[in-house]
*Asks:* 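Would you mind keeping the following structure in view while I ask a few things?
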There are 2 protein chains.
Amino acid sequence: MANSASGESIIRRFITIISAFDDKHTSMSVAELGRRTGLPVTTTYRLVDELLLERLLERDPKGNIQLGTRMWELASRGSKTLGLREAALPFMEDVQSVVQHSTTLGVLDSDEVLYIERLGSTSTIVDITKIAGRLPVHATSSGMVLLAHSPSAYQDMILSRPLTKYTETTLTDPAALRRHLAEIRQRGFAAMPGVIVPESSGIAVPVYGSDSTVVAALSVVVPRDEENTAARVPVLMTAARGISRALGWRGKLKGTLRQSH
Amino acid sequence: MANSASGESIIRRFITIISAFDDKHTSMSVAELGRRTGLPVTTTYRLVDELLLERLLERDPKGNIQLGTRMWELASRGSKTLGLREAALPFMEDVQSVVQHSTTLGVLDSDEVLYIERLGSTSTIVDITKIAGRLPVHATSSGMVLLAHSPSAYQDMILSRPLTKYTETTLTDPAALRRHLAEIRQRGFAAMPGVIVPESSGIAVPVYGSDSTVVAALSVVVPRDEENTAARVPVLMTAARGISRALGWRGKLKGTLRQSH
DNA sequence: GCATGATTACCATTGAGTGGGAATCCTTCA
DNA sequence: TGAAGGATTCCCACTCAATGGTAATCATGC
């Protein structure tokens, strides 16, 4: 699949190119793109030209290139992420109006949590989640909820690799993490104080899809010193049930009722 | 740029493939994808294989393929759409809480309006806008607001092509549309009753970017028989100013004050 | 068991893709 | 004004990735 000296296919290089753009680098010159991607200059120009033609890339007023609106459109239009987000948003607004700090919706992708929606200003609280941003599974409440409801093979995969200790309270010992996962399954939520930044606590609950598997985690981030974090749980639970139902989930009543207090 | 008999490049075919997915077709078999795209069978399988490998496509539990979460992530992460959406969402919620029907944010892309955000349930009102969906410029309030603030070359391009008459009230005469555009510029908003579906009215106002150009249109769709649609305008204006300011716009006060009633 | 359709395997053919090098075109700064 | 540094475009000979037909194999349902 590669005509190139480096052995990369066009698709591979296409991904390299769009990966060079993120929230801190939304536009750049072609030459800079070439440097960032490590692609040969000529090749970069040729590829960018074609992508501009197809409108997957665009030029901004200054002549720099950026991701095209068409790219966003095509990727969003048919994606299940959009459906999930749309189902969740109204309920997330409810949560946000009560909790006031920051509300996020995350899914598992590859070996990390990918946040697909986030409400709440960045200023009110220390919360490093971003839409379309990633965080490690073991150090986030969302991640742990999702992991708790994943196949054991996946759990093994995550827990067997070296885990970063972000703060004093980050658990990195596989055995301790497994105990925590069991606890999360039993209680129906994850509460993790200061595991990624010391100032904040995350609380997360699972969201179910129509096939009754866990498809996402709904979470809030609150200041760590807040008195009664557990008081947030019912709010989250209620919202998560609403989202699940909107996704076509037809509740397993007992389990959920047991969990709700 | 093409090795193929049809003269299409890989990038072109890649676009053909992801374009085959939309909100009504989120997953399908490879063979069906081949049929939908018109690509040779073998080629479809080969291409899909590579895209699965790169995780731009994914298999669902049934073995069908769908757009990968990675695709959404890469396209969202670096896109200006995300920034616009994030700036707008809080203000859109305000509008939605007052107007109660449906609130949308649209941009001009190619020769249509592309909606990048939408609040409000689909059930309360007849409103065919969808997130990542498109509608024609001349038949939407958002489109007309955006067109009113576009370069005249662009206006000419739009107005010189055949325009679909959706309902009795859809304007399709270029001269009449130009008069309407002038009116929109002067008043600062567009109000269009039943131009695309007879039951609904759209009202839209411009959103400014940091360079004081119009970057988006904020709009609400309300039942057409609602008494005083003009009463919605100040709400929209206020929200649009808020969004503009969040985008770094440093108001041209007179213009906007004049427009506000 | 037997269609019908989806998926995988095989393989000869060829032009799209490649990338080094050099020529322009901008900026910027002295 | 002029020179230096960088971005962009032009040129071109080489080659293997991509192609797509045919056929075998693998589901699935009736």
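These numbers come from the heavy atoms of this one structure, side chains and all, not from hydrogens, waters or symmetry mates. Every chain is numbered from 1 and lettered A, B, ... according to where its sequence line falls, protein lines coming before strand lines.
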*Asks:* Could you pull out all residues at least two apart from B/R36 that satisfy side-chain hydrogen bond (donor to acceptor under 3.5 Å, both in side chains)?
*Replies:*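 So B/R36 forms a side-chain hydrogen bond (donor to acceptor under 3.5 Å, both in side chains) with B/H25.
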*Asks:* A/F14: what forms a ring pair (Phe, Tyr, Trp, His ring centres under 6.0 Å) with it, not counting sequence neighbours?
*Replies:*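 Per chain and number, A/F14 pairs via ring pair (Phe, Tyr, Trp, His ring centres under 6.0 Å) with B/F14.
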*Asks:* What nucleotide, of C/dG17, C/dT18, D/dG20, holds the atom closest to the side chain of B/T43?
*Replies:*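 The closest nucleotide is D/dG20.
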*Asks:* To the nearest angstrom, how far is B/L47 atom CG from C/dT8 atom P?
*Replies:*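 Checked: the CG to P distance equals 15 Å.
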*Asks:* Taking atom types as modelled, find out whether A/T129 and A/T104 have a side-chain donor-acceptor pair closer than 3.5 angstrom.
*Replies:*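 A/T104 and A/T129 do not have a side-chain donor-acceptor pair below 3.5 Å.
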*Asks:* Take the protein atom CD of B/E50 and the nucleotide atom C1' of D/dA18, then report the distance between them rounded to whole Å.
*Replies:*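 Going from B/E50 (CD) to D/dA18 (C1'), I get 10 Å.
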*Asks:* What donor-acceptor contacts under 3.5 angstrom involve side-chain atoms of residues 106-114 of chain A, with partners at least two apart or in another chain?
*Replies:*
{"residue": "A/D109", "atom": "OD1", "partner": "B/R55", "partner atom": "NH2", "Å": "3.4"}
{"residue": "A/D109", "atom": "OD2", "partner": "A/R134", "partner atom": "NH2", "Å": "2.5"}
{"residue": "A/D109", "atom": "OD2", "partner": "B/R55", "partner atom": "NH2", "Å": "2.6"}
{"residue": "A/D111", "atom": "OD2", "partner": "A/R161", "partner atom": "NH1", "Å": "2.4"}
{"residue": "A/E112", "atom": "OE1", "partner": "A/R134", "partner atom": "NH1", "Å": "3.3"}

*Asks:* Among all residues two or more places apart in sequence or in another chain, which pass the salt bridge (charged side-chain N to carboxylate O under 4.0 Å, His left out) test with B/E32?
*Replies:*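 Partners of B/E32 by the salt bridge (charged side-chain N to carboxylate O under 4.0 Å, His left out) criterion come out as none, since no residue qualifies.
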*Asks:* Calculate the interatomic distance between A/K62 atom NZ and C/dC26 atom C1'; express it in whole Å.
*Replies:*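 About 17 Å, once rounded to whole Å.
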*Asks:* Indicate the ring-plane relationship of B/Y208 and B/W249, choosing parallel, tilted or perpendicular according to the 30° and 60° boundaries.
*Replies:*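 Correct class here is parallel.
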*Asks:* Check the side chains of A/S27 and B/K80 for a donor-acceptor pair under 3.5 angstrom, ignoring hydrogens and angles.
*Replies:*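 Judged by distance alone, the side chains do not pair up.
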*Asks:* If a protein heavy atom is under 4.0 Å from the base, mark B; if only from the sugar-phosphate, S; if neither, -; do that for nucleotides 25-30 of chain D going 5' to 3'.
*Replies:* ------
*Asks:* Tell me, for nucleotides 4-11 of chain D in 5' to 3' order, what letter each nucleotide earns: B for a base near a protein heavy atom under 4.0 Å, S for only sugar-phosphate near one, - for neither?
*Replies:* ---SBBBB
*Asks:* Distance check, rounded to the nearest 0.5 Å: A/Y45 atom OH versus A/L52 atom CG?
*Replies:*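 Here the rounded value is 11.5 Å.
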*Asks:* Does B/R46 make a side-chain N or O approach to OP1 or OP2 of D/dT19 shorter than 4.0 Å?
*Replies:*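 Indeed, a polar side-chain atom of B/R46 lies that close.
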*Asks:* Does a side-chain N or O from A/R13 land closer than 4.0 Å to OP1 or OP2 of C/dG17, or not?
*Replies:*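 Looking at the OP1 and OP2 atoms of C/dG17, neither is under 4.0 Å from any side-chain N or O of A/R13.
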*Asks:* How close or far is atom P of C/dG17 from atom CG of A/L51, stated in whole angstroms?
*Replies:*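 So the two atoms are 11 Å apart, to the nearest Å.
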*Asks:* Could you tell me how far apart B/F14 (CZ) and D/dT19 (P) are, to the nearest whole angstrom?
*Replies:*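 So the CZ-P distance, B/F14 to D/dT19, works out to 14 Å.
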*Asks:* Is any NZ, NE, NH1 or NH2 atom of the basic residue among A/K62 and B/D211 found under 4.0 Å from an Asp or Glu carboxylate oxygen of the other?
*Replies:*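 Looking at A/K62 and B/D211, the cut-off is not met.
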*Asks:* Rounded to the nearest Å, what distance is computed from the CG atom of residue A/L39 to the P atom of nucleotide C/dG17?
*Replies:*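 Rounded to whole Å, this separation is 15 Å.
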